[in-house]
**Q** 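Below you'll find the structure I mean.
Counting convention: from 1, in listed order, for ligands and their atoms alike.
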Amino acid sequence: MTKFFVPPIPLPYVDALKIELPQGGFSRSIPASMADSNAVGKMEKIVALCKRRGFIFQSSEIYGGLNGAWDYGPLGVELKRNLKDYWWRCMTQVRDDIVGFDGSILMNRAVWKASGHEATFSDPMVECLLTKKRYRADQIEPQSGTVYAYEGILASEDEIHKVKGPHVTRAEFPGKIVFNERFAVLVPKGKPAQSADKIARQYYDLKYKDFSYELRPPTSEPVENTTKFNPENGAVLGEPKVFNLMLKTYVGAVESDDAITYLRPETAQAMFVQFKNVLDVSQKKLPFGIAQIGKAFRNEINPRNFTFRSREFEQMEVEFFVKPGTGPEWLEKWLVERLNWYEAVGIPRAKIHVLTVPEKDRAFYSQGTYDLEYEFPFGVQELEGIAHRGNYDLTQHQNASGKPLEYFDEESKSKYLPEVVEPSAGVDRTVLALLCEAYDEETIKDEENGKEETRVVLRFAPRMAPIKAAVFPLLKNKPELVAIAKDIYKSLQPLLKVAYADSAAIGRRYRRMDEVGTPFGITVDFETLEGVKEASTSATGAPILVGQKNTVTLRHRDSMKQERIEISDLFSYLLAKVA
Ligand code: GAP
């Protein structure tokens, strides 16, 4: 769901403390808001596998990284491309009512003024007074417990010369001065009260590192469901501040106000402002849609959960224009369509939660929104928003540009602004969901030495798998096997993404391919040369006669079952499985 600014929630407790927000930067870590230790473990394994096997790397890693930006390695890019290609095919190729589009990332600033992004595309942000880490105010989990409020610290009179400013001295205690630096800590139910002092000390130590001081005893007060404290350490959070999420830039040589524009925070707006052009050239009648895949940028306060919340990401969006009054019915149709699509890429229906976004949480232009959420190991989180945007966007752009964007309805001989239903999915989030869904571990017996070992396997739907099949000669020092294997590899290569591997024992080679989710292994063995020794059935169902040559072993990733297939049947067999 698009975020548009929600007015800040008043925080009476923090207001009463009159705490000033220290200035601070963003965290560079990947914070784990993970549900339990198993989930943390699974996520850590997925992140490690992504790096080890070349799916996803941290951007600018050798310079310490850049928070919220990621690079897709050789396998990650194939996975991402398969996902985008399949979406593109489903939206623009097999449907007659949607056309494709590729808008620019940089647009006239007027677009962002008219759409409302410049004024309102913001998040309320809070900052931890201790760590200076920033969080979205609306994402702080409510907590209950006891709040310990510290009025300040006590030091000896000798320390006074170190103090600058009037706010710190008060001669209430004989021979002592008071530093009136207020701070508060929430200790959740069941946690020891002393932990508050520990956190408070960290806070005062940072501020008064040259002083020897005593911590004044705090006052305490029970609280229920408060969102004013950092869930990671209990320290009080500062007041919410509005933070525009668009990344500003300048176009041209002069960094003046006139040159300002933004990296687009959604791909949608280009499709609205080009609605008339696309309609005219494609000669479509309503209902019709425009589909686009492309980068979007948001200066997220707290990028987290691996690629889930990034500052640079890709969206796959359709703006589907419909007759006024038919928006609600198209919203329902798109919900069904999109749920089926996720099943087709390998995310079971049971793992997708459909959230009917309540009116108070919807973007202000929305007349109805469904969020499709996936059960990530770190919680149930949004993959896609399907919104009935009414005619808000076309109205805004028509008014601001002065250019008519109306549709002429031949049937009723009238002009109007269509309504829009928008299924808007995240590429990176869906890639992450595919990885999470596919990741599996099982204990198996090594066929060669009989020892138990853990098999890591990515059970991607074959159409999503980065590599569709791997071709192996059983032995690398048998030129007859190598020649046939290379032949098969070369003949499949122009048609499908395939791999070739000849080093290590065949079991090891299978295992390496399992780990990156390759659904089929093709092994050229002695039976390929000499003929099959026992009667069997081929992968296509046809009987294979004893003594028949030119067959290979086809090994299935998920079941690890092996069967024989004729070399001439390989391509059609694989194509049917991966299309
Ligand atoms: N045009 C509507 C729109 O942009 P949105 O709900 O803000 O709606 C749509 O974004 C999708 O884009 C989300 O469901 C999510 O999959 C993806 N997305 C949004 N912000 C993201 C971020 N910071 N990192 C990764 N994906 C993001």
**Q** Taking both backbone and side-chain atoms of F308, is any N or O found less than 3.5 Å from an N or O belonging to ligand 1?
**A**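 So ligand 1 has an N or O lying under 3.5 Å from an N or O of F308.
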**Q** So, does Q143 use its side chain to make a donor-acceptor pair with the main chain of N225 at under 3.5 Å?
**A** no
**Q** Report, in ascending order of atom number, the atoms of ligand 1 lying under 4.0 Å from any heavy atom of G385.
**A** 14 (O)
**Q** With heavy-atom distances below 4.0 Å as the criterion, list the atoms of ligand 1 near E300.
**A**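 Checking each atom against E300, I get 22 (C), 23 (N).
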**Q** I'd like to check whether E317 has a polar contact with ligand 1, where a contact means an N/O of the residue lying under 3.5 Å from an N/O of the ligand.
**A** yes
**Q** Does the side chain of Y370 come under 3.5 Å of the side chain of E332 through a donor N or O and an acceptor N or O?
**A**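 A donor-acceptor contact under 3.5 Å links the two side chains.
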**Q** Counting only heavy atoms, which portion of R429 has something under 4.0 Å from ligand 1: side chain, backbone, both, or neither?
**A**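 Looking at R429 and ligand 1, just side chain atoms fall under 4.0 Å.
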**Q** Fit a plane to each ring of Y416 and Y407, take the angle between them on a 0 to 90° scale, and name the class: parallel (under 30°), tilted (30 to 60°) or perpendicular (over 60°).
**A**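 Tilted, since the angle between the ring planes falls between 30° and 60°.
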**Q** Is the F378 ring parallel, tilted or perpendicular to the F376 ring (thresholds 30°, 60°)?
**A** parallel
**Q** Show me which atoms of ligand 1 lie under 4.0 Å from any heavy atom of E382.
**A**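 Every atom of ligand 1 under 4.0 Å from some heavy atom of E382: 6 (O), 13 (C), 14 (O).
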**Q** Using a 4.0 Å cut-off to any heavy atom of E384, which atoms of ligand 1 qualify?
**A** 14 (O)
**Q** Once rounded to the nearest 0.5 Å, what's the spacing between atom CZ of R109 and atom OG1 of T261?
**A**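 Output value for this atom pair is 8.0 Å.
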**Q** If the contact criterion is a heavy-atom separation under 4.0 Å, does R389 count as touching ligand 1?
**A**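 The answer is yes: ligand 1 sits under 4.0 Å from a heavy atom of R389.
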**Q** Using a 4.0 Å cut-off to any heavy atom of S310, which atoms of ligand 1 qualify?
**A**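 Counting atoms of ligand 1 from 1, those under 4.0 Å from S310 are 22 (C), 23 (N), 24 (N), 25 (C).
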**Q** Enumerate the side-chain hydrogen bond (donor to acceptor under 3.5 Å, both in side chains) contacts for residues 96-105, please, sequence neighbours excluded, ordered by first and then second residue.
**A**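 Matches after skipping sequence neighbours: R95-D97.
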**Q** Could you tell me whether L383 approaches ligand 1 through its side chain, its backbone, both or neither, with non-hydrogen atoms closer than 4.0 Å?
**A**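 Under 4.0 Å from ligand 1, L383 contributes backbone atoms alone.
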**Q** Do E441 and Y439 have a side chain donor and acceptor closer than 3.5 Å?
**A**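 Per modelled atom types, E441 and Y439 side chains form a pair under 3.5 Å.
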**Q** Give a yes-or-no answer on whether the side chains of S366 and T369 include a donor-acceptor pair shorter than 3.5 Å.
**A**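 Indeed, the side chains of S366 and T369 share at least one donor-acceptor pair under 3.5 Å.
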**Q** Would you say the ring centers of F320 and W330 fall short of 6.0 Å from each other?
**A**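 Yes, close enough.
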**Q** Hey, does G426 come in under 3.5 Å of ligand 1, counting only N/O atoms on both sides?
**A**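 N/O-N/O distance below 3.5 Å exists for this pair.
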**Q** Check this for me - ligand 1, E422, N or O atoms closer than 3.5 angstrom, yes or no?
**A** yes
**Q** By number and element, which atoms of ligand 1 are closer than 4.0 Å to a non-hydrogen atom of E266?
**A**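 Near E266, meaning under 4.0 Å from one of its heavy atoms, ligand 1 has 1 (N), 2 (C), 3 (C), 4 (O).
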